[in-house]
Amino acid sequence: MACPAGAPVFGTLVVVGPGLIGSSVLRRARARGDLAHRLIAVDSSEQVCARVRELGLADDATTDAVAAVAQADCVMLCVPVGAMGAVAATVVPAMKSGAVLTDVGSTKVSVIEAITPSLRADIAYVPAHPMAGTEFSGPDAGLVDLFEDRWCLLTPLECTTRQSLRDIRTLWERCGARLREMTPSHHDRVCAIVSHLPHLLAFTICGTADNLAGETRSEVLDFAASGFRDFTRIAASDPIMWRDIFLANKVALLEMLGRFMEDAKAMGQAIENGDTAYIVSRIEQGRAIRKSLKENRQA
């Protein structure tokens, strides 16, 4: 049964980990009023909980995950992918029968494998990944429109009931997201090329620049052009979060890295050989992709 227009999707929504994604969901829920009747934020840091209260993002903010999720109609795990399994092992046993569990992990195969041992037959699980973000983190980083016109990828499983999938779809639609369903393994391959590899390259090129000889390094920092500045913006992202993502999706990421290295080598050879046709074709290909992103409202 679909959620009636204007009626909250859930009675109580518990967001575990009110960082960039979690606090953005809470902000959206506050602004609209139809995601949940009641909002609870959970974090292991009392300092973070205090900040959530100061910002007025939730009706309650607590370090007591077990007590919080016992009240929940939906529990959304917004913790780093490397912590999903341990957090699920804590919260799932305390969830009430019929509640919905979902997550926002940037990898799906590893997260599902980590959470599965804790699942219960009376708890529906809907894996999800809102593909939105900035280089900032913490409850202050959230944005009410972070998910507007961005993709949220859903990877439903056998334990995902039709009602729970409908409810989570409605929640993300009300957050402004565009939805697509796919298998967990396909999700990880897609995200390896469109998200994980770009971040890996950004961290790496910034490291390369930092390792240059002193005089050249200072000039890089002084005269950084827009291209390098774009790389440094991505490289400002949380290191622990991205360490976990790289390791969790290493098979797909290494495959895409290998393909990129082959293409980069071919471009290098074309430059060395003066192969103008090849160079122009690759530049035109890049321009076409950028144009398609704008047409798809993703740039």
Side-chain angles (χ1 to χ4, degrees), residues 3 8-26 28-30 35-53 57-108 110-130 139 142 154-172 184 241 244 248:
C3 180
V9 185
F10 296 107
T12 298
L13 171 65
V14 172
V15 173
V16 182
L20 170 64
I21 300 297
S23 69
S24 293
V25 171
L26 292 170
R28 187 76 173 198
R30 274 285 194 240
L35 268 62
H37 276 297
R38 188 161 185 257
L39 301 169
I40 302 176
V42 173
D43 198 273
S44 59
S45 167
E46 176 53 41
Q47 184 177 3
V48 170
C49 291
R51 185 56 181 157
V52 169
R53 296 185 205 105
L57 300 181
D59 299 297
D60 189 18
T62 178
T63 59
D64 191 342
V66 170
V69 302
Q71 309 171 54
D73 298 291
C74 178
V75 174
M76 180 182 290
L77 303 184
C78 302
V79 299
V81 294
M84 287 285 185
V87 173
T90 297
V91 304
V92 173
M95 291 174 64
K96 65 183 182 182
S97 181
V100 177
L101 176 71
T102 188
D103 75 90
V104 300
S106 299
T107 66
K108 293 273 64 96
S110 67
V111 167
I112 291 167
E113 289 177 348
I115 290 176
T116 295
S118 300
L119 292 179
R120 293 162 33 194
D122 59 340
I123 298 292
Y125 173 37
V126 188
H129 175 204
L154 305 174
T155 61
L157 308 171
E158 288 186 8
C159 63
T160 303
T161 64
R162 283 186 290 181
Q163 184 62 53
S164 65
L165 181 59
R166 280 195 293 266
D167 288 343
I168 295 300
R169 287 183 64 93
T170 301
L171 183 150
W172 285 113
M241 179 183 78
D244 287 353

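Here the structure is a predicted model, which means the values were calculated and not measured.
Contact annotation: the side chain of Met76 approaches that of Leu171 to within less than 4.5 Å [non-hydrogen atoms, C-beta and beyond]. With contacts defined as side-chain heavy-atom distances shorter than 4.5 Å, the pair Thr160/Pro127 qualifies. Under the 4.5 Å side-chain criterion, counting only non-hydrogen atoms from C-beta, Val91 is in contact with Leu77. No side-chain heavy atom of Asp43 sits under 4.5 Å from any side-chain heavy atom of Val52. Annotation: side chain of Thr90 is in contact with side chain of Val66 (closest heavy-atom distance under 4.5 Å). The shortest distance between side-chain heavy atoms of Val48 and Pro139 falls below 4.5 Å. Looking at Pro18 and Leu26, their side chains come closer than 4.5 Å, going by heavy atoms from C-beta outward.
Across every non-hydrogen atom of Val14 and Ala68, the tightest pair is CG2-O, 3.6 Å. Closest approach of Ser44 to Thr63, counting heavy atoms only: O-CG2, 4.0 Å. The two residues Cys159 and Leu119 make their nearest non-hydrogen contact at SG-CD1, 4.0 Å. Between Val15 and Gly22 the shortest heavy-atom distance is CG1-CA, 3.6 Å. The two residues Gly85 and Ser118 come nearest to each other via the heavy atoms O-OG, 4.5 Å. Contact detail for Ala58 and Ala41: the closest heavy-atom pair is CB-N, 3.9 Å.
Applying side chain to side chain contact (heavy atoms under 4.5 Å, CB included) to Lys108 and the options Thr155, Leu154, Leu157, Val81 leaves one that passes, Thr155. Residue Val9 is tested with Val100, Ile168, Thr170 for a side chain to side chain contact (heavy atoms under 4.5 Å, CB included); the sole match is Thr170. None of Thr12, Asp73, Asp122 except one satisfies the side chain to side chain donor-acceptor pair (under 3.5 Å) rule with Lys96; the exception is Asp73.
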Full working for side-chain contact (heavy atoms from CB on, under 4.5 Å) between Leu39 and Phe10 = CA-CA 10 Å; Leu39 301 169; Phe10 296 107; over 6 Å; no

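Between the SG atom in Cys78 and the CE atom in Met84 there is a gap of 7.0 Å [rounded to 0.5 Å]. Here the straight-line distance linking atom CG of Leu13 with atom NE2 of His37 works out to 12.5 Å at 0.5 Å rounding. Once rounded to the nearest 0.5 Å, the distance linking CZ of Arg51 with OG of Ser45 reads 12.5 Å. Note that OG of Ser24 and CG of Leu57 are 9.5 Å apart. Values are rounded to the nearest 0.5 Å. Note that CG of Leu35 is 11.0 Å distant from CG of Asp167, once rounded to the nearest 0.5 Å.
The closest donor-acceptor contact from the side chain of Arg38 to the backbone of Gln71 lies at 3.5 Å or more, if one exists at all. Side-chain N or O atoms of Thr62 include none that pairs as donor or acceptor with a backbone N or O of Val42 at under 3.5 Å. Side-chain N or O atoms of Asp59 include none that pairs as donor or acceptor with a backbone N or O of Ile40 at under 3.5 Å.
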